[in-house]
Amino acid sequence: MKGRVFSGARPTGRQHLGNYLGAIQNYVALQKDYDCIYCIVDIHALTTMEGSEGLQDNIREMMLDWLAAGLDPQRSILFVQSHVPQVMELHTLLSMVTPLGWLLRVPTFKEKVRMQPHNVNYGLVGYPVLMTADIVLYKAGLVPVGEDQLPHLELAREITRRFNSIYGPTFPEPQAKLTPFPLVLGLDGVEKMSKSLNNDIEIAISPEETLDRVMTAFTDPTRRFRSDPGHPEGRNIYRLHRFFAPDRVEEIATECRSATIGCVDCKKLLAQGINSDLGPFRERRAALAAKPGYVAEVLSDGAHRAHAIAEETIREVKGRMGLL
Ligand code: TRP
């Protein structure tokens, strides 16, 4: 039997290059060797929202990107967290074996308290418990995530161990599977690429928009004149060339060092590389977006399949906890 993979992502709408290189491509590749379940975590999103504006649009846009990038609804289960409400039941049950002290120590919780002091809601404290519920509801063994999620995964393992030791072996201890592509920086060249910082390049935009966006990227500050030699190492644009122009990247670096090309030329090359890499994705996306009801159908089928697994786990957990 194949191992089971679970991962969740917040509904952030149209995906950017960071999501694409860091998460989506990895999700796609894992489908070959594992039974994969990928979830858009709308309930988690509510912990940092006030109101529900844009939520449904974000779910649809994100799923279109996932599907066009190669997540296959025939093979994998693709669904929205709230469509399988058993996760909330399991969240409550797991909260009984989770010491509050563990949750208050989580770095992302402390960060959220700093970022939204006016909205330190109860859901924020329980965030990692809900995330654990996501994973163990489907008894997934492997969880592809970025490095920032490692503390959550550690906690998921501790909660699982605690549950298993009190109520008997029920859940496998989930292991993190770090995504192979390193952190993708934003156009500012400093922060991680993210929609909220507006330093991102969305994958679904047109070739012209891509060029415009790439042109705003921060470049080598040591090159004040076109004739100054460049220093490509460690620079964001250079790192992206590695991905989008793998066979030309050394040549581009040499031309930068010798000032044969300037930063504008270099960025034009990058935009070309991105556009040719994403061309087929963009065509598929447009075709899927034009099919009425397609995304809703995929999500309803995914929820149906997830539900069957969830129901079984909940029955087992309630039995172990003396609730049946
Ligand atoms: N916390 C994750 C993030 O912010 C999203 C998430 C929710 C998740 N549930 C999950 C990731 C389960 C992996 C497994 O990116």
Side-chain angles (χ1 to χ4, degrees), residues 3-13 15-16 18-24 26-27 30 34-49 55 58-59 62-63 65-66 71 76-91 94-95 98 102-103 106-112 115-116 123-160 171-179 181 183-184 192-197 200 302-303 306 309-310 313:
R4 185 173 284 163
V5 158
F6 182 100
S7 196
R10 293 164 176 250
T12 49
Q15 302 289 281
H16 55 60
N19 306 130
Y20 180 67
L21 299 176
I24 301 174
N26 193 35
Y27 288 179
L30 288 167
Y34 297 93
D35 287 326
C36 298
I37 306 181
Y38 297 121
C39 177
I40 297 185
V41 295
D42 55 349
I43 310 171
H44 276 110
L46 293 175
T47 61
T48 54
M49 291 172 71
L55 190 54
N58 282 346
I59 291 172
M62 183 160 166
M63 189 47 71
D65 280 342
W66 279 12
L71 288 188
S76 301
I77 298 181
L78 310 175
F79 77 110
V80 174
Q81 188 181 33
S82 68
H83 296 180
V84 185
Q86 282 82 354
V87 75
M88 295 184 260
E89 212 172 341
L90 187 57
H91 165 260
L94 292 179
S95 74
T98 310
W102 289 2
L103 299 175
V106 173
T108 45
F109 174 67
K110 294 189 196 163
E111 188 190 317
K112 289 285 149 53
M115 279 167 57
Q116 51 182 63
L124 221 41
V125 187
Y127 188 107
V129 185
L130 182 58
M131 180 163 160
T132 306
D134 279 330
I135 301 165
V136 303
L137 185 55
Y138 303 99
K139 299 197 175 182
L142 216 55
V143 184
V145 283
E147 220 166 288
D148 61 320
Q149 295 297 313
L150 290 181
H152 287 155
L153 253 291
E154 193 49 48
L155 200 60
R157 271 198 300 281
E158 285 178 68
I159 296 172
T160 308
F171 303 118
E173 267 180 47
Q175 302 298 323
K177 185 170 169 43
L178 274 185
T179 44
F181 198 83
L183 181 72
V184 180
K192 178 175 164 178
M193 186 175 282
S194 95
K195 174 158 291 198
S196 56
L197 294 172
D200 61 328
I309 306 172
T313 307

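Atoms within each ligand, like the ligands themselves, are counted from 1 in listed order. All residue numbers in this chain count up from 1 along the given sequence.
Relative ring orientation between Y27 and Y38 is described as parallel, the plane-to-plane angle staying below 30° on a 0-90° scale split at 30° and 60°. The aromatic rings of F6 and Y138 sit parallel to each other, their planes meeting at less than 30°, with 60° as the upper class boundary.
If you number the atoms of ligand 1 from 1 as listed, the ones under 4.0 Å from a heavy atom of V41 come out as 7 (C), 9 (N). Proximity to V145 (heavy-atom distance under 4.0 Å) selects the following atoms of ligand 1: 13 (C). Numbered from 1 in the order shown, with element, the atoms of ligand 1 that lie under 4.0 Å from a heavy atom of R10 read 4 (O). The distance from ligand 1 to the heavy atoms of V143 drops below 4.0 Å at these ligand atoms: 13 (C), 14 (C). Short contacts between ligand 1 and Q149, defined as distances under 4.0 Å to a heavy atom of the residue, involve ligand atoms 1 (N), 2 (C), 3 (C), 4 (O), 15 (O). Each of the atoms 5 (C), 6 (C), 8 (C), 10 (C), 11 (C), 12 (C), 13 (C), 14 (C) of ligand 1 lies under 4.0 Å from some heavy atom of G8. The I135 neighbourhood of ligand 1 comprises atoms 12 (C), 14 (C), with distances under 4.0 Å to a heavy atom of that residue.
Shown here is K139, whose NZ atom has more than 12 heavy atoms of other residues, nucleotides or ligands within 6.0 Å. The environment of NZ in K177 is sparse: at most 12 heavy-atom neighbours from other residues, nucleotides or ligands sit within 6.0 Å. Few gaps surround CD on E154; more than 12 heavy atoms of other groups in view lie less than 6.0 Å from it.
Looking at S82, its side chain never comes within 3.5 Å of a backbone N or O of D42 through a donor-acceptor pair.
Considering backbone and side-chain atoms alike, S7 places every N or O at 3.5 Å or more from each N or O of ligand 1.
Neither the backbone nor the side chain of D148 has a heavy atom within less than 4.0 Å of ligand 1. The proximity of L130 to ligand 1, defined as any non-hydrogen pair under 4.0 Å, does not occur for either the backbone or the side chain.
Among protein heavy atoms, the minimum distance from atom 9 (N) of ligand 1 is reached at D134 OD2, 2.7 Å. Looking only at protein heavy atoms, the nearest one to atom 10 (C) of ligand 1 is M131 CG, 3.5 Å. Closest to atom 4 (O) of ligand 1, if we only count protein heavy atoms, is Y127 OH, 3.1 Å.
If you take CD1 on I40 and CG on N58, they are separated by 9.5 Å, rounding to the nearest 0.5 Å.
Put simply, the side chain of L103 does not reach to within 4.5 Å of the side chain of Y127, judged on heavy atoms. A heavy-atom distance below 4.5 Å is not found between the side chains of V136 and T313.
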